[in-house]
> 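Next up is a structure, given as C-alpha cells.
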There are 2 protein chains.
Amino acid sequence: MPATSRPTSKDVAHEAGVSQSTVSLVLGGKWTGRVSPATARSVHDAAERLGYRPNQAARSLRLGTTRTVMLVVPTLTAPFFGPVYTGAVRVAARHGFGVVAYVWPDDAGPADSPFAAPHEAIDGILASSMAVDALAGFRGTPAVMLDSDPSGSVPTVGFDVEDGMRAVVAHLSGLGHRRVGHVAAGVDQWTFRARARALTEGIRALPGGSLSRATCAIEVGSAKAAAARLLTSPDPPTVLVCDDDLIAAGAYKAARALGLEVPSDLSVTGFDDVLLATALEPELTTVAVPAEEMGARGMETLLELLDGRRPPRRVLPGVLKVRGSTAAPAHR
Amino acid sequence: MPATSRPTSKDVAHEAGVSQSTVSLVLGGKWTGRVSPATARSVHDAAERLGYRPNQAARSLRLGTTRTVMLVVPTLTAPFFGPVYTGAVRVAARHGFGVVAYVWPDDAGPADSPFAAPHEAIDGILASSMAVDALAGFRGTPAVMLDSDPSGSVPTVGFDVEDGMRAVVAHLSGLGHRRVGHVAAGVDQWTFRARARALTEGIRALPGGSLSRATCAIEVGSAKAAAARLLTSPDPPTVLVCDDDLIAAGAYKAARALGLEVPSDLSVTGFDDVLLATALEPELTTVAVPAEEMGARGMETLLELLDGRRPPRRVLPGVLKVRGSTAAPAHR
DNA sequence: CTGAAAGCGCTTACAG
DNA sequence: CTGAAAGCGCTTACAG
C-alpha cells in the first residue's frame with residue numbers, strides 16, 4: 001500500500017492474505033456461511049490496522065445508488081426549515097443515508113433547477129413548501145413533498161393547518177371575538193392558501209362574524225404596516241390572526257405604536273410556534289406544527305418509496321397553544 | 001441506448017458518430033484546438049437530444065475528487081447557522097461545488113464522528129463554532145474553521161467579537177452606565193470566552209465600573225432566570241449585556257416580570273443581530289455579525305486551500321447596532 | 001469456503 | 001483532429 005494515499009480494498013486483501021472479493025464480502029456483512037470466521041476476523045483486523053474506509057464514489061458507481069437524498073427548501077434563513085432538515089437527517093442517518101440541503105429557487109444565483117448542480121448524485125428528493133409543479137423535470141427521481149398541496153401525484157407529508165386554524169377560530173369565538181383581522185402572508189404556497197380558506201370558512205360560520213384582510217411579506221416591517229392598516233380602518237378588528245409567528249411580531253409592534261396593549265386592547269395569534277413565539281412578551285398564542293417530525297416522517301416516506309413501496313399520505317396535527325396574547329375583547 | 005436507463009457518454013458518442021473521448025473533451029470544454037468546431041457542435045446536439053448528464057460517481061472515481069464540501073455545525077435550529085450555510089452554498093455553487101450540511105455532535109444519534117457517515121465522499125470541511133480539536137481525526141482533509149479559536153493550525157474565518165464588545169462598553173459608558181450585569185452563555189465556545197474576556201477588560205478599564213455575571217443556557221427560560229438573579233441582587237446593574245439575542249429576549253422578560261421598563265429602568269444589549277433583534281419591542285441594541293458573509297468567505301478560503309494555496313486568516317467586523325433597548329440609567 | 005474476472009461511466013495519456 | 005485503451009475502487013455473479 002502506498003503510504004501517500006488512502007488504502008483500498010485491494011490493500012486490505014493483500015494485508016490479510018485474501019482476495020478482494022473476500023474483503024468486500026466480509027466488510028459488507030454478507031459473509032456468514034460464505035467465509036470462515038477466522039478469515040473474516042483477519043480481514044476485519046487488517047482493515048482496522050490500515051484504517052480502511054471504502055471509496056464511496058466507486059461504491060456508488062458500481063451500485064448505481066448514492067445513499068444520498070436532496071432536501072429542497074425555499075430558504076434556510078427562516079426558522080422553520082432548520083428543524084425540518086434536522087428531523088430528516090436523523091432518520092436518514094439511521095439508514096445510512098446522507099442529506100444534502102438545496103435552497104431553491106436560489107435568490108442568489110441564476111434560477112436554474114437543482115439538477116444543474118454538480119452534486120446531482122442523488123437517490124431521491126424531499127421538497128418542502130414548494131409549488132406542486134416545482135419538481136417538473138424531475139420525473140423519474142423518487143420524491144416526497146412536504147408542507148405542500150397533497151392533490152398531486154407525489155406522496156406528501158404535511159400538517160393539518162385547516163384544523164389548526166379551526167381551533168384558532170373556536171378559541172377566539174369562545175373568548176367573544178367577532179371582528180377578526182387576517183394578516184396574511186403574500187406568498188403563493190399551499191399552506192397559506194389553506195390557512196386563508198379555513199379562516200374564511202370559520203368566520204363565515206360564526207354568527208355576527210366579520211373578516212378583514214391585509215397582505216404582507218413574511219418580515220416584521222411589512223407585517224407591522226399591514227397590521228396597522230387593519231387597525232386604523234373604520235371598524236377595526238378586536239383580534240389579529242397572523243399567518244406566521246414573525247408576522248405576529250409585526251402585529252405586536254403595530255399595536256404598541258397605536259397605543260394598544262396586547263391582549264387587553266387587542267388579541268393576536270400566530271402560526272408555526274417557532275422560537276420567537278415564546279421570546280415575545282406576552283408569549284404568543286399560536287398553532288404549533290411539528291417541523292422536525294415532518295422532516296423525519298418525510299424521510300421515512302421517501303425511504304419507503306425507494307424501497308419500492310407505495311407510502312400513504314401523512315398528515316401531522318397542528319395544535320393550538322394558548323398563551324398570553326389572547327383574551328376577551330375589551331368592549332363589544 | 002437502452003430506453004429504460006439514463007444515457008451515458010457512450011450513448012452520446014454513438015448518437016454523434018464519434019468516440020467517447022471526443023465526447024468527454026467537448027463536454028468538458030477542453031476541445032478548442034483539439035476537435036473541429038463541426039464535430040463539437042454535433043456532440044453538443046447529440047447530448048442535448050439525449051438529455052445527457054454525466055454520472056457524478058464515475059467522474060468522482062476517475063478524478064479522485066467529489067466537488068462536495070461538508071459544512072459541520074453544532075445545530076441547524078439556531079437562527080445563526082442558516083445564513084452561514086446559505087453564504088457557503090452561494091460561493092460553492094459558483095465554483096461547481098455542492099455543500100452537505102452535517103450536524104455534529106449529533107444530539108440524536110450516537111456521538112460518532114462525521115466520518116462515520118456514509119456520505120463521506122468529500123473534498124473539504126468547513127466547521128463552524130466548534131472546539132479546536134473537534135476536527136481531530138480529520139488530519140489529511142483540508143479544513144477551514146469558522147467562528148472558532150484562531151490559534152490552531154487550521155485557517156479560520158471569524159468575527160472581531162472583542163471589538164464588538166468594546167463598542168458595547170463604549171456605548172454604555174457614554175450613556176452613563178457603571179454597574180453592568182453580564183448574562184453569559186454557559187457554552188464552551190471560543191466566541192463566548194472572547195466575549196466575556198473583552199467585557200471584563202472593558203469594565204475593568206472603566207472608572208467606577210463594576211461587573212456581575214450570571215450564566216445560562218441559550219434559551220429564553222434559562223436566560224430569564226439568570227437575568228432575574230442579577231436584577232434582584234443587592235446592588236443591581238443598570239444594564240444587562242447579553243451574550244446572544246435570544247438571551248436578551250429572556251432579559252426583557254425578567255425585566256417585565258419585575259416591573260422594570262426597557263430602556264428607561266433597564267438597558268439591555270444582545271449579540272449577533274438575528275431576526276429576533278428587530279422583532280422585539282423595543283428593538284434590541286446588539287452587535288451585528290455578518291453570518292452569511294462568514295459562510296461565503298469561509299468557502300472561498302476552503303476553495304483556496306483546495307487549490308493548494310495558503311489562505312490568510314480572515315476577520316470580519318462585529319458592528320454595534322444602536323436601537324431602542326439602551327438609554328441613560330434612570331438614577332445613579 | 002475462496003478467488004479471478006467483469007464492468008459500473010468517466011477522463012486522460014498515448015498513438016496515429 | 002480523432003479513437004482505442006487503461007484504469008479509478010468497488011461488488012457480484014461465476015467457477016472451482
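A, B, ... follow the sequence lines: proteins, then strands. Residue 1 opens every chain.
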> In whole angstrom, what separates Asp11(A)'s CG from dC10(D)'s C1'?
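In whole Å, dC10(D) C1' and Asp11(A) CG are 13 Å from each other.
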
> Find the distance Arg6(A):CZ to dC10(D):P and express it as a whole number of Å.
8 Å

> Reading DNA chain C from 5' onward, which residue's closest nucleotide shows up sooner: Leu25(B) or Ser21(A)?
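Nearer the 5' end of the strand: Ser21(A).
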
> Rounding to an integer number of Å, can you tell me how far Leu63(B) CG sits from dC8(C) C1'?
16 Å

> Looking only at side chains, do Ser128(B) and Asp147(B) share a donor and an acceptor under 3.5 Å apart?
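Checked: Ser128(B)/Asp147(B) side chains show no N/O donor-acceptor pair below 3.5 Å.
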
> Should dC1(D) form a Watson-Crick or G-U wobble pair with both distances under 3.5 Å, which nucleotide is its partner?
dG16(C)

> CZ of Arg62(B) versus P of dC10(C): gap in Å, rounded?
13 Å

> Taking only Lys NZ, Arg NE, NH1 and NH2, and the carboxylate oxygens of Asp or Glu, determine whether Asp45(A) and Arg49(A) approach each other closer than 4.0 Å.
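Arg49(A) and Asp45(A): not salt-bridged.
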
> What is the distance, rounded to the nearest whole Å, between atom CH2 of Trp31(B) and atom C1' of dG3(D)?
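Value for this atom pair: 18 Å.
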
> Return the value, rounded to whole Å, for the distance between atom CG of Asn55(A) and atom P of dT11(D).
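That distance rounds to 10 Å.
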
> Respond yes when some side-chain nitrogen or oxygen of Arg59(A) is under 4.0 Å from OP1 or OP2 of dT11(D), and no when none is.
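So the side-chain polar atoms of Arg59(A) do come within 4.0 Å of the phosphate oxygens OP1 or OP2 of dT11(D), strictly under.
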
> Considering the options Glu300(B), Met299(B), Glu293(B), Met294(B), which one meets the side chain to side chain contact (heavy atoms under 4.5 Å, CB included) requirement together with Val157(B)?
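So the option named by the test is Met294(B).
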
> Find the distance Lys10(A):NZ to dG9(D):P and express it as a whole number of Å.
8 Å

> Rounded to the Å, how far apart are His14(A) NE2 and dG3(C) P?
13 Å

> State whether Lys30(B) places a side-chain N or O below 4.0 Å from either non-bridging phosphate oxygen (OP1 or OP2) of dT12(C).
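Yes, because at least one side-chain N or O of Lys30(B) sits under 4.0 Å from OP1 or OP2 of dT12(C).
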
> Determine, step by step, whether Thr39(B) and Val26(B) satisfy the side chain to side chain contact (heavy atoms under 4.5 Å, CB included) criterion, reporting the C-alpha distance in whole Å, the side-chain angles of both residues, the deciding distance to 0.1 Å, and the verdict.
CA-CA 9 Å; Thr39(B) 306; Val26(B) 171; 5.6 Å; no

> Contact class for Thr39(B) (heavy atom, under 4.0 Å): base, sugar-phosphate, or nothing?
sugar-phosphate

> 5'-most contact on DNA chain D: Leu61(B) or Gly17(B), nearest heavy atom basis?
Gly17(B)

> I want to check one thing: is the phosphate of dG3(C), taken as OP1 and OP2, less than 4.0 Å away from some side-chain N or O of Ser19(A)?
yes

> Are side-chain N/O atoms of Ser24(B) and Ser21(B) paired as donor and acceptor at under 3.5 Å?
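Absent: no donor and acceptor within the cut-off.
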
> Reckon Arg34(B) touches a base, only the sugar-phosphate, or nothing at all at heavy-atom distances under 4.0 Å?
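It contacts base atoms.
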
> Scan Gly33(A) against the nucleic acid and name what it touches under 4.0 Å (heavy atoms): base, sugar-phosphate only, or nothing.
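Since only primed, P, OP1 and OP2 atoms lie under 4.0 Å of Gly33(A), the category is sugar-phosphate.
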
> Among dC10(C), dC10(D), dT11(D), find the nucleotide with the atom closest to the side chain of Thr8(A).
dC10(D)

> Both Ser36(A) and Gln20(A) contact DNA chain C. Taking the nearest nucleotide for each, which residue is further toward the 5' end?
Ser36(A)

> Side chain of Thr22(B), heavy atoms from C-beta onward: which of dG3(D), dT2(C), dC10(D) has the nearest atom to it?
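Selected nucleotide: dG3(D).
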
